[in-house]
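Structure incoming, see below.
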Amino acid sequence: MQGTRVDVFEQIFLVFLGLGALVGVIVIAYTLYNAYKYRDTGEADDDEDLPSVGELPTGGKGGKKLFLSFGISAVIVISLVIWTYAMLLYVEDPADGTDEQAEALNVEVTGESFAWFFEYENGIESTGTLRVPADERIWIQVTSGDVWHAFGISEQRVKADAIPGEYDETWFEAEEPGQYEIECFELCGEYHTSMVGTLEVMEPEKYDQWMDDQLTMSFTMEDQNESPVTDGYVLTLEHQESDFEESYTADQFDNGSIEITDIEQGGQYNVSIEPTDGQFEPIEEQIDMTGPVSETYTLELDATESETNANETNGGGEN
């Protein structure tokens, strides 16, 4: 079975609507037929055996009509229950034991302090707006950082409880690009009604471009006079939880600046800037990448180099 949550619930609604309308038409038509057939015309045949007040009716042909009506009703109801249960099982777990979920886009959703926070599986984070590609299955793991909330997107038929210390997992697949409102369906406090967000469904190409922009680091090297430094150093990036480690020499910088776009994972990075000629003091730093990173570093002269420059300056002054 394939389809979105919207497709599933629309099918269930249409089937129940169609059966309800059909049963209603049959019942009303049969009622009107019997009302017309057995109407009181005020005239009775001489041989007609009319029941008297209080007399129990007889006949019925052995209850065949009653048995037939109950039998048909039972078949319809049981079939409807089984079909509906199968559809809801699909909504509960469309992956059906495959690794489809692992290959899909997974996002952790946290409700806290009357706002929604989103963390993608690559470490990128956003607040208030969940951006996803169209026509792709999205799995969300929902929790809370304070009190009970309920994450909901009405137009995508999505609802999941956000409970502190627990995770409620669900999915959706949006077919049309656009913006949809995210709400809290649990009365959670004073600002419950303002706990809203936005689901932004993007064309796959635009989503990929947006994610690439989030996974971008820009570094600028300058001296104490805020002038670009164009040589004499090596920048090394090392991810703390993966095997990503890359070094960039000064000649890869453009007038002291570099933009790194070959990053695939956010999270904690170790940044080290080492001098190649001993001219600068080394720099060691950690960066938590949850979105685009732009850093400027001031390269300070090594103590020995500073002392040498000072002596040359003093010597030059004496001459």
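Keep in mind that this is a model prediction, so the values were computed, not measured.
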Please enumerate all residues that pass ring-ring contact (aromatic ring centres under 6.0 Å, His included) together with F114, with sequence neighbours excluded.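 ring-ring contact (aromatic ring centres under 6.0 Å, His included) check on F114 returns Y191.
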In terms of the angle between their ring planes, are W116 and H149 parallel, tilted or perpendicular, with boundaries placed at 30° and 60°?
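If you compare the ring of W116 with that of H149, the planes turn out perpendicular.
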Starting from the C-alpha separation in whole Å, work towards a yes-or-no answer on side-chain contact (heavy atoms from CB on, under 4.5 Å) for E121 and V107.
CA-CA 6 Å; E121 54 189 338; V107 183; over 6 Å; no
Using 30° and 60° as the class boundaries, would you call the ring planes of W171 and W139 parallel, tilted or perpendicular?
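Answer is tilted, since the angle falls between 30° and 60°.
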Q.
Under the salt bridge (Lys or Arg N to Asp or Glu O under 4.0 Å) definition, can you give me all pairs with a residue in residues 143-162, not counting sequence neighbours?
A.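 For residues 143-162: K159-D161.
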Less than 4.5 Å apart, any side-chain heavy atom of I273 and any of V234?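 Heavy-atom side-chain distance check fails, nothing below 4.5 Å.
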| If you round to the nearest 0.5 Å, how far is CE of M289 from CD1 of I263? |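 Rounded to the nearest 0.5 Å, the CD1-CE separation comes out at 4.5 Å.
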| said: Quick check against the 3.5 Å criterion: does D231 have a side-chain atom that pairs as donor or acceptor with the backbone of V229? | reply: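 No; zero donor-acceptor contacts below 3.5 Å.
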Sort and list the pairs that fulfil salt bridge (Lys or Arg N to Asp or Glu O under 4.0 Å) and have at least one residue in residues 14-33, not counting sequence neighbours.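 Found none.
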* **Co-membership, hydrophobic cluster, residues L80 and V8, 4.5 Å side-chain** =>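 L80 clusters together with V8.
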Heavy atoms from other residues, nucleotides or ligands near CD of E264 exceed 12 (cutoff 6.0 Å):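 No.
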Requested in this report: Enter the distance from F151:CZ to Q141:CD here, rounded to the nearest 0.5 Å.
Outcome: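 Atom-to-atom, F151:CZ and Q141:CD are 11.5 Å apart.
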Quick check on D254: does its CG atom have over 12 non-hydrogen neighbours (other residues, nucleotides or ligands) under 6.0 Å away?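 At most 12 heavy atoms, drawn from other residues, nucleotides or ligands, come within 6.0 Å of this atom.
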